[in-house]
Amino acid sequence: MQTLGHDNVRTQPLVWSDQISQVPKEVFVSESLFEQELKTIYYGDCWHPVAHAGELPEVGDFKTFDLGRMPLLITRGKDRELRVFLNSCTHRGTQVETATCGNRPEFECPYHRWLFALEGDLVGCPGSKEFAPNFDKKNFGLKQLRTAEYLGLLFVTLGEATPSLDEWLGESMRSTLRVVLAGDGRLKLLGYQKVRYAVNWKAYNDNDGFHAPLLHTGFRLLNWQGGQGAQFMTPNGHIAIEAQLKPIQSSGFLKDPSLIEFKGQNPEKGSCVVELFPVSVLVKHLDVINLRFAIARSHDVTEVHYAYFAHVDDDEAMVRHRLRQSSNLLGPCGMVSMEDAAIFQRIHIGSYTPGYAEFQKGVTGGSTPSFDVKQNDETGQLPKWEYYRKLMGFKREAEA
């Protein structure tokens, strides 16, 4: 493995181990590698979920978000279509909107008062009589990006050769996403929790079911036992985990056990997690519907927006139930997930040492990742790492 310079920048190409279960720690701490990832992955031929329609239900609703360092403006137009624009004025490049969300009839750049419609068209620009002779407002609308939706989940890509969204997701991911998105994607927003983790984006998304009862004190205090389940992977780095929910036996830890009641209809899929390459995580656990929109801020900071939803047909009691579970269980300070922030940072600190992150549970040997894994095997992450390695162009030792 190559060593890093004093500023954590690689001076030589990284060479990957021949062992399929070894990931060089350097990929979590290299600043120059992060710059390459932005170009190849975040601004390349990948789809990235950036919003759900339930966040922008009304005409004029908007949300700002970042794709890596790229600022985005997401709007609901007068035709009720969702669009994603670069959040940059087409005059001098000024950021147009700074609010995280809200409702506006149009968007105005403060620098020279260029005015844009909800659909992105330039509709006003003071002083245009003195503009260049060939100036035409039709050519200066906000830059719109290619988008696609699945059950209200809005994806964006900057790549020119990105495959269709259906092809990108694959049937196994669409199937589990359907469960996470309450069957039909007709969701309404309950609220957000937002956090910045001191960790590289790849460590944040390097998740497995193996760790949960070992790391999280809440699982043990609640005497929470997982049921049967399965894990699915795709060749392009997505992972889905489905698990049965066993009835929870009261341990006396909670004064109000109704907090962890499951009121859903199908305990066979009471817990579903989808990890979409590169960095998004979507969770349905008990009655919590949680879409985690993540932003790779730098090589050592990952920002996550936990968005919580109810179904539009929920009655008042069910909305309150979902809100209580969402607020207390699985967020950045949730009862059963509060250790995540600390372990993320400790992973990042430990990755400044030489060597490899070693996967063990479920490893069967061989030089290619297996797609036949058990529910809680660590090795469900290995197809994602192999896809990442190939996408980034890293050779294995035998190929170097």
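Note that this is a predicted model, so its numbers are computed, not measured. Atom set for the values below is all heavy atoms of this structure, side chains included, hydrogens, waters and symmetry mates excluded.
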Thinking salt bridges, do E386 and R389 make one under a 4.0 Å N-O criterion? yes
Quick check: closest heavy atoms across P105 and L118, and the distance to 0.1 Å? O-CG, 3.5 Å
Any luck finding a side-chain donor-acceptor pair between E97 and T64 under 3.5 Å? no
Exactly one of K188, R320, R322, R186 clears salt bridge (charged side-chain N to carboxylate O under 4.0 Å, His left out) with D314, and that residue is R322
Side chain to side chain, L86 and L72, heavy atoms closer than 4.5 Å: yes
Below 4.5 Å, heavy atoms only, C-beta onward: do E35 and R69 meet side chain to side chain? yes
Testing the 3.5 Å rule here: is there a donor-acceptor pair between the side chains of Y308 and Q193? yes
With a 4.5 Å limit on heavy-atom distance, are the side chains of D313 and M318 in contact? no
Taking the six-membered ring where the residue is Trp, are the ring centres of F155 and H48 under 6.0 Å apart? no
Side chains of F65 and H305: does their closest heavy-atom pair fall under 4.5 Å? yes
Can you tell me how the ring of W16 sits relative to the ring of F394, calling it parallel under 30°, perpendicular over 60° and tilted otherwise? parallel
Would you confirm whether E119, through its side chain, and D121, through its main-chain N or O, come within 3.5 Å as a donor-acceptor pair? no
Hey, do the aromatic rings of Y192 and Y306 have their centres closer than 6.0 Å? no
Within this structure, what is the CG-NZ distance for the pair L115 and K137, rounded to the nearest 0.5 Å? 9.5 Å
Among side-chain atoms of Q360 and E378, is any donor-acceptor pair under 3.5 angstrom? no
Closest heavy-atom pair, F28 versus H348, reported as atoms and distance to 0.1 Å, is O-CE1, 3.0 Å
Check whether the ring centres of F116 and F107 lie less than 6.0 Å apart, and answer yes or no. no
Whether S337 side chain and L330 backbone form a donor-acceptor pair below 3.5 Å: yes
Under 3.5 Å, is there a donor-acceptor pair between the R178 and Y150 side chains? yes
Aromatic contact between Y42 and W201, with the criterion being ring centroids under 6.0 Å apart: yes or no? yes
Can you tell me how far apart CG (L169) and OG (S175) are? Round to the nearest 0.5 Å. 12.0 Å
Does atom CD of E160 have more than 12 heavy-atom neighbours, drawn from other residues, nucleotides or ligands, at distances under 6.0 Å? no
What residue among H311, H321, K263 forms side chain to side chain donor-acceptor pair (under 3.5 Å) with D287? H321
When you measure from the centre of the six-membered ring of Y388, is the NZ or CZ of K390 closer than 6.0 Å and no more than 45° off the axis? no
State, with a plain yes or no, whether a side-chain heavy atom of F140 is found less than 4.5 Å away from one of W114. yes
Is it the case that the side chains of N236 and T234 hold a donor-acceptor pair, with the cut-off being a distance below 3.5 Å and no angle test? yes
Close side-chain approach of V281 to V273, heavy-atom, < 4.5 Å: yes
Does one side chain, of E275 or Q381, offer a donor that lies under 3.5 Å from an acceptor on the other? yes
Which distance, rounded to the nearest 0.5 Å, do you find between the SG of C109 and the CG of L142? 9.5 Å
Could K63 and F293 be counted as a cation-pi pair, given that NZ or CZ must be under 6.0 Å from the ring centre and within 45° of the axis? yes
Within the 3.5 Å criterion, strictly below it, is a donor on S88 or K143 matched to an acceptor on the partner's side chain? no
V274 versus V179: any side-chain heavy-atom pair under 4.5 Å? no
Are V288 and V283 side-chain neighbours, meaning at least one heavy-atom pair lies under 4.5 Å? no
For H238 together with W168, are the ring centres under 6.0 Å from each other? yes
Spacing of T75 atom OG1 and E106 atom CD [to the nearest 0.5 Å]: 12.5 Å
